[in-house]
Structures are given as structure tokens and as C-alpha cells.
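Take a look at the structure below.
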Amino acid sequence: MEDSWKTDLLGKLKRRNRTEVLPFQDLFEMQSKLLDQNVNLTTENSSLNFITEKLREENMHLKSKATSGNVSQNNENFLEIQKKLFNVQEELTELHRRKGENAQQVIDLSAASKVSDKDLIEKQSRIDSLEAEIVSLKHDLKTAETQMVELESTNQLLKDEYQALQLALNSAETKLRTIQKENETLVTQLMALKAQDAERMNFENDQFIQKQQHLMQIELAEAAKEQKSVSPEKLVAGGLGMEQVMFTGVTIPTKVQIKFEAHDGEIMSARWDYAGRFFATAGADRKIKIWEISKGISAELKSTLTGSNAAVMGIDFDTSGTIILGSSNDFATRVWTIEDCRLRHTLTGHSGKVLSAKFLGDATRVVSGSHDRTLKVWDLRSKACICTKFAGSSCNDLVTSDQVIISGHFDKKVRLWDNRSSSSEPMSEMVVGGKVTSLDLSRDLNMLAVCSRDDKIQVLDLRKGGGVVGTVGGEGFHVGCDWSRVSLSPSAEEVVGGGGEGGVHIWNIASGE
């Protein structure tokens, strides 16, 4: 490398000589010749001056003789000498002229020489600065080579560390897969045990209910013989709840009983309150209307609830039937009191359409599901969100029990959440054949109906880990939108769904017809 830069520097110096010295070589030679010529002319001028002085002396001497000698001969000599003197003066004048020209040339050459010297000095200073820069660059080159060696060693060290970490990661992933398999096995075993326990409890409950029903039949037979009445309180005390008494049989409707205009546009949701007094509808006209059905033959508008800025997608009554909530496409959920039609709460915090909202346990808590892929739990006393569940997919509908939230999502999954847990992960997930549009929970909280965009409705038994009890739909039934609703009968033996063609379909879950 040292020979290379020396050769490079020598070549640059040679190029500099060719470009900066050789063009002035003729000028230098001409200056030398002119200086020599000037010296010769000076010597010649001195010689001529000497001859002139000598001739003047001789002239003076001849003039002195002319006064005493032959006048004619002296005149000839005088004329000849005067002629010689005139020639000598002309030569002297010519020499002076040539001396002036030479002096001017010397001045011009001196000025050119000074300019050349100045250029040489500047170029020499530039050469010195370039040489200093070369030295600095050599130093930088050595420093860069040293840094490159250090970086190569550091890079090799990092590669070794990366390989070690990769091996550790592979080992950790292997352990994780093993633990996940063990966890899946344990979960499967736990679900099997829970299913067995649920079957045992169901069997004991069935035995107890059959026994109570048998005793009740005996009492009813005796009361009929004795013409005694049995009050509902005695029926409840005897083991049958009011709902079981009211819904021991379900009548399947065969025709339209009441038809009335409810909203200016589409009706997005409809719902009865728990006592069966009021019937509420929500529409694309941003209103919720509450109706009273008189003897099953006419519908009377009780109140109209306003305040929403977009279509109301879902409604829900509290258990007392005094409060109603509505989820809206304006990213908010609102709560009204039915008696005075006043807007009590506006729950904002979602960044997408709120497609469903329900009361959670009592009238002080509300859970809402949104298109922004989150579920939020609200406390109406503090008017604030107390919990956010990140589902990872748009929520189209949800149902609730006391502390459990069940949500249906765009990614074909049904998720179960424990409201008491601070975890952001669901307790369990169930996958169906299409985007979930609607959910409904049976009155005993055991059965869950799931409607999906694959034109099917599945009924799941939550006691058996979400096992499918029955699947209905298929040919002749089409789910027309992402908020098509489904409902279970009070006995959970039938399921009702709205078709995309405008019809209402009712199936028996057990037979699938």
C-alpha cells in the first residue's frame, strides 16, 4: 500500500511539472538570451562611448592644428571626421534605441517572471496543503481500518449471541408447545368432568321436578274432587315457578294477529319487557317507541324516546320494566326512564357503531358491544366505564347473565367473558360456520341460540361446554344482514328467526323442523 501511494504522488508531481513548468520553459530561455544580449549591448555602448571621447579629443586636436596648418587640407579632414562623427552618433542613437527596447523587454519579462513566481508559490502552497491532507487521510484510513476490525469482531460476537438466543428460543418454544398440549389435555379433562357433573345435576333436578310434579298432580286431583282452588303461591311453594306455570305449553302462531306502522324507516330491533306489559321497537329514524298491546287486537303508542343521532340498533328492558336502553350507530348507548320518557344517561367511549347493549344483572350496570372490536361495562351510578374487554373482532350482538357476558362476533366466534375477572381474555370461545348476527339466551340460562351468516341457527348447551343441541335453517332460510335477530321460546324448545325475504321462521329444536 505504501509503494502505491508513493507512485501515485510521484505521478501527480510529474503531471504538475508538465502543466506548470514546461509551458514557461521558452520564456525562461528567452529571458536569459535577452539578459546576455543586454550585457553585450552595454559593453558595446561603453566601447562606442570610449571611441566617441577619443574622436572628440582628436577633433579638438585637429581644430588646433587647423588654425596653424593648411586650411584646405584641414577642411577636408574636418569634413571627413565630422562625417565619421555623424555616423558614430547615428550608431549611438540606434544603440540607445535598442537599449530602451531591451530594457522594456527586460521589464516585461521581469513582470512575467514575478507572475510566474507568484503562481509557483500558490501552487507550492496548494501542494503543501494537499500533502497535509494526504497525511490526514492516511491517518483517517488507519483509524477506519481499526474501527472496521473492531466492528467485525463485534459483529461476530453479536452473531454468536444471536445463535445462542435462537437456540434458547427454540427450546422455549418447544417447552411452550409441550405445556400447551398438557393444558389442552387438562382443559379437555376438566370439561369432561364438568359435563359429567352437569349431567348428574340435571338428572337430580329432573328427578326432583318429576317428584314435585307428581305430588302436585295428586294434590290437584284431590282439590278437584273436593272442589278446592290452588293458588299460584301454593304452586310456587310446591316446586313450580311462575314461568313454568305460565309456559308449560307454547302456541305456535299461524297468522298475523296485529299489524301496524311503527317507524318511518326500517325497524332495527323489537323487544317485550319482562312482565309482558310493553312492546318496544327501535328504528332507523333514530327513535324508540313503546307500545301497549290491548287484548292482542290493537297496538297503542305509549311513548316515543328521542335523543339518538343515528339509527338505534338494539334495545333492552331492565327486570322491573321501568328503564330501557338503546345502542346507536352514533357510537353511544342511551338510557331512558319509561314513565316520564326522560333521557337519563348517554354512555360514550366507543370509536365505532354500538350494535348491541344489555343490562348486566341489575339496572345499575350496562354492557355494550361495538364495531370497534371492544366490549365496555358501564356503571350508571358513576356514569363511567369500569371495564373494557378487547375482543379483537366487531361485536354484532351480546347477551348477559348475572356475571357472564356472551358476545357474538364478525370472526365467526362466540366468546364468554367473566365480568368478575380483570383478564382481557375470554373464558372460552366457540366457532360457528359464519359471521354471528344474533344471540339469545333461554330463561333458565342453559341454552344459547346463535344465528350466523351461513344461513343456520345453532342451539348450544352451555352446561356441556357449548355442545350443539340442534341446528336449524338451511334451505328456504336466508340471513339477510349482519343484525338479523333470533329468539328462543320461553320453554327453549322452539327457536324463531327472521329471514332475508321478510318471513318469520319457527323451528322445533329437537326435530329440526
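Counting begins at 1 with the first residue of the sequence.
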All heavy atoms of Gly326 vs all of Ile288, minimum pair found to be CA-CD1, 4.0 Å
inquiry  = For the CD atom on Glu131, are there more than 12 heavy atoms of other groups (residues, nucleotides or ligands in this structure) within a distance under 6.0 Å?
reply    = yes
| field | Residues, nucleotides or ligands: over 12 heavy atoms within 6.0 Å of Glu339 CD | value | no
| Asn419 vs Arg365 side-chain heavy atoms within contact, under 4.5 Å | yes
So the ring pair (Phe, Tyr, Trp, His ring centres under 6.0 Å) pairs with at least one residue in residues 484-513 (sequence neighbours excluded) are Phe477-His505, Phe477-Trp507, His505-Trp507
In Val399, Ile323, Val335, Leu325, the residue satisfying side chain to side chain contact (heavy atoms under 4.5 Å, CB included) with Asp316 is Leu325
Requested in this report: Would you indicate whether His263, at its atom NE2, is surrounded by more than 12 heavy atoms from other residues, nucleotides or ligands within a distance under 6.0 Å?
Outcome: yes
Is the shortest heavy-atom distance from the side chain of Gln458 to the side chain of Ser452 under 4.5 Å?
-> no
Within a radius of less than 6.0 Å around CZ of Arg485, do more than 12 heavy atoms belonging to other residues, nucleotides or ligands occur?
yes
To the nearest 0.5 Å, atom NZ of Lys302 lies from atom CD1 of Ile338 at 8.0 Å
Rounding to 0.5 Å, atoms CD1 (Ile315) and OG (Ser356) come to a distance of 11.0 Å
(message) Counting C-beta onward and ignoring hydrogens, is there a side-chain heavy-atom pair between Arg373 and Asp411 closer than 4.5 Å?
(response) no
Please output the side-chain donor-acceptor pairs of residues 426-438 that fall under 3.5 Å, not counting sequence neighbours, one pair per line with the distance.
from   : atom 1 : to     : atom 2 : distance (Å)
Glu429 : OE1    : Lys413 : NZ     : 3.4
Glu429 : OE2    : Arg415 : NE     : 3.2
Thr437 : OG1    : Cys451 : O      : 3.3
Thr437 : OG1    : Ser484 : O      : 3.0
Ser438 : OG     : Asp397 : OD2    : 3.4
Ser438 : OG     : Val486 : N      : 3.0

Sorted by chain and number, sequence neighbours left out, side chain to side chain contact (heavy atoms under 4.5 Å, CB included) with Val496 holds for Val504, Ile506
Are Lys181 and Thr178 side-chain neighbours, meaning at least one heavy-atom pair lies under 4.5 Å? no
Residue Lys138 excluded, over 12 heavy atoms near NZ under 6.0 Å:
yes
Rounding to 0.5 Å, atoms CG (Asp440) and CG (Leu488) come to a distance of 5.0 Å
Original post:
Does atom CZ of Arg344 have more than 12 heavy-atom neighbours, drawn from other residues, nucleotides or ligands, at distances under 6.0 Å?
Top reply: yes
Side-chain touch Met447/Asp461, heavy atoms, less than 4.5 angstrom
yes
Value for CG (Leu176) from OG (Ser171), rounded to nearest 0.5 Å, stands at 11.0 Å
For the residue pair Phe279 and Phe260, does the interplanar ring angle fall in the parallel (under 30°), tilted (30 to 60°) or perpendicular (over 60°) class?
perpendicular
Here the gap from Ile290 atom CD1 to Leu305 atom CG, rounded to the nearest 0.5 Å, amounts to 4.5 Å
- Message: What I'd like to find out is whether the side chain of Phe278 reaches to under 4.5 Å of the side chain of Glu292, using heavy atoms alone.
- Response: yes
Check: Does a side-chain heavy-atom distance below 4.5 Å link Leu448 with Leu439?
Finding: yes
(message) Distance alone, cut at 3.5 Å: any donor-acceptor contact between the side chains of Lys287 and Thr306?
(response) no
**Over 12 foreign heavy atoms within 6.0 Å of CZ, Arg453** = yes
Take a 6.0 Å sphere around NZ of Lys353 and say whether it holds more than 12 heavy atoms from other residues, nucleotides or ligands. no
* Asked: Side-chain contact, heavy-atom cut-off 4.5 Å: Asp482 with Leu355?
  -> no
To the nearest 0.5 Å, atom CG of Asn396 lies from atom OG of Ser407 at 10.0 Å
